[in-house]
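Let me begin by presenting the structure, written as structure tokens, before commenting on it.
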Amino acid sequence: MWPGEQSSTGGPDPHQPNPYRQPGYQQQPPYAGQQQPAPWNAPTVPSGGPAGRGPGGGRTKVVAVVAAAVVVVAAAVTGVVLLGGGEDDGARPGPAASSASASSAASAPSAADDPRGGDDAPKPTVEGWTVVANPGLGIAFEVPASWVPQSRDWVTYVAEDDDPDEKPLVAMKAPAVLKEKWCGSDGDRDGSVEYTPLASAGTRGNNGARSTEEIARTDAAAWVYGAFTQPDRDKVSTGPVTPFTTGSGIEGSLATSRSAGVAKKGKCDVNGKATTFAFKSADGDFVSWSFFGAAGVADEVPDATVRRILATVREYTPSDA
């Protein structure tokens, strides 16, 4: 279930394809009084009761914020685009903008939306790899050349399948994606192929969290549940939280979650895994890097590669953040 374009009534059309393939957006109302953090800065939300199914048993979303404005959503593995920038990279929604303008802007990102962070981004430390930067947090990491960085304002998140408000369980910003069209299926047989990516990795702020251990454990489990096992939380297992130090010397907490026994009800239903590394930034804020992707498949991203990507996580000082 990858709802995509808006219907004629302005709501999501459940028969539209994956937003990675044909972006379209469902508009969400601004946060009341701008008191709540944007999804990529909010605490991880514990999930509730039974839900419907999407690729891998879960649903990821695509959100777009236009002119630092409206959060726009399409369902399945989600992404958000903040178009036009703003004073705060975790900008709150503001005035509405049309889905057409969002789609157009997303297809032709400006230099300011360069996922590599622009000229002030750090240079790669691994030969042949690409830097992926989140200027709002001042965090960068690197991915192999086969990965595709999204706009620095693109947000991916997961939500309960049956939540009409699409409240994110967990989110990441400025991600990189591996094999965006890794698996395609027409589960509802409406003639529209829905695509599932193989893996994604990105960073986020964790406002309201109490510890790096809590973030690592909770976020990793939320990614696997939200993207792969819904509505079965008992299919998710999380390993112990351990200390980890990146190549640049950042110390934090690391946890990995995996699923087992996901029912193969559709072509793209697979088990999944997720790894979250949480730490305190130089400013004293809780932040994290996460990876999630398909597991138990022929082209699964090896754990060694995940660790190698993680080792490149570092802070930097963007001139335009």
Looking at CG of Asp161 and CD of Gln230, how far apart are the two atoms once the value is rounded to the nearest 0.5 Å? 4.0 Å

So which atom in Asp190 and which in Ser192 form the shortest heavy-atom distance, rounded to 0.1 Å? OD1-N, 2.9 Å

Are any of the side-chain heavy atoms of Ser257 and Trp223 separated by less than 4.5 Å? no

For residues Ala311 and Thr246, report the shortest heavy-atom separation together with the two atoms involved. O-CB, 3.7 Å

Phe286 meets the ring pair (Phe, Tyr, Trp, His ring centres under 6.0 Å) criterion, sequence neighbours left out, with none

Tell me whether Thr218 contacts the main-chain N or O of Glu214 through its side chain, where contact means a donor paired with an acceptor under 3.5 Å. yes

Quick check: do Tyr225 and Glu160 have side-chain heavy atoms less than 4.5 Å from each other? yes

Sequence neighbours excluded, the answer for ring pair (Phe, Tyr, Trp, His ring centres under 6.0 Å) partners of Phe277 is Phe244, Phe279

Taking it one step at a time, do Val270 and Lys264 satisfy side chain to side chain contact (heavy atoms under 4.5 Å, CB included)? CA-CA 7 Å; Val270 296; Lys264 187 71 173 180; 4.1 Å; yes

Using side-chain heavy atoms (C-beta onward) and a distance below 4.5 Å, is Cys183 in contact with Lys267? yes

So, for Asn271 and Gly261, which heavy atoms are closest and what is the spacing to 0.1 Å? OD1-N, 3.4 Å

Provide the closest heavy-atom pair for Leu169 versus Gly226 in the form atom of the first, atom of the second, distance. CD1-CA, 4.3 Å

Taking the side chain as every heavy atom from C-beta outward, state whether Ser146 and Leu178 have any atom pair closer than 4.5 Å. yes

Is there a path of hydrophobic side-chain contacts, each under 4.5 Å between heavy atoms of I, L, V, M, F, W or Y residues, that connects Val236 with Val241? no

At what distance, to the nearest 0.5 angstrom, does CD of Glu180 lie from CD of Gln150? 5.0 Å

Please name the residue in the list Thr212, Thr203, Asn206, Thr276 that meets the side-chain hydrogen bond (donor to acceptor under 3.5 Å, both in side chains) test with Ser288. Asn206

For Ile309, does its backbone N or O pair with a side-chain atom of Thr312 as donor and acceptor, under 3.5 Å? yes

If you define the side chain from C-beta out and look only at heavy atoms, does anything of Tyr195 sit under 4.5 Å from Trp182? no

Chi angles and distances behind the side chain to side chain donor-acceptor pair (under 3.5 Å) call for Thr125, Glu142: CA-CA 8 Å; Thr125 60; Glu142 298 168 38; 2.8 Å; yes

Is there a donor-acceptor pair closer than 3.5 Å between any side-chain N or O of Arg308 and the backbone N or O of Val306? no

Testing the basics here: between Pro135 and Tyr316, what is the closest heavy-atom pair and its distance to 0.1 Å? CA-OH, 3.4 Å

Ignoring hydrogens and geometry, is there a side-chain-to-backbone donor-acceptor pair from Glu300 to Lys273 under 3.5 Å? no

Any donor and acceptor pair, going by atom type alone, linking the side chain of Asn134 with main-chain N or O of Gly136 inside 3.5 Å? yes

Could you note down all residue pairs passing salt bridge (Lys or Arg N to Asp or Glu O under 4.0 Å) where residues 249-262 supplies at least one of them, sequence neighbours left out? Arg258-Asp303

Is there side-chain contact between Thr245 and Ile250, with at least one heavy-atom pair below 4.5 Å? no

In plain terms, say whether Lys280 and Asp285 are close enough for a salt bridge, that is, a side-chain N and a carboxylate O under 4.0 Å apart. no

Using a 4.5 Å cut-off on heavy atoms from C-beta on, say whether the side chain of Ser253 contacts that of Glu213. yes

Answer yes or no: is there a donor N or O on one side and an acceptor on the other, between the side chain of Glu315 and the main chain of Ser281, under 3.5 Å? no

Would you say the side-chain atoms of Thr275 and Thr256 include a donor-acceptor pair closer than 3.5 Å? yes

Can you give me the closest heavy-atom contact between Ala201 and Trp147, atom names plus distance? N-CZ3, 3.9 Å

State, yes or no, whether a side-chain contact exists between Val132 and Trp289 at a heavy-atom distance under 4.5 Å. no

With a 4.5 Å cut-off on side-chain heavy-atom distances among I, L, V, M, F, W and Y, is there a chain of contacts connecting Val131 to Val148? no

Starting at CZ of Arg217, measure out to OG1 of Thr238 and round the result to the nearest 0.5 Å. 8.5 Å

Test item: side-chain donor near acceptor, Ser185 and Glu194, under 3.5 Å: no

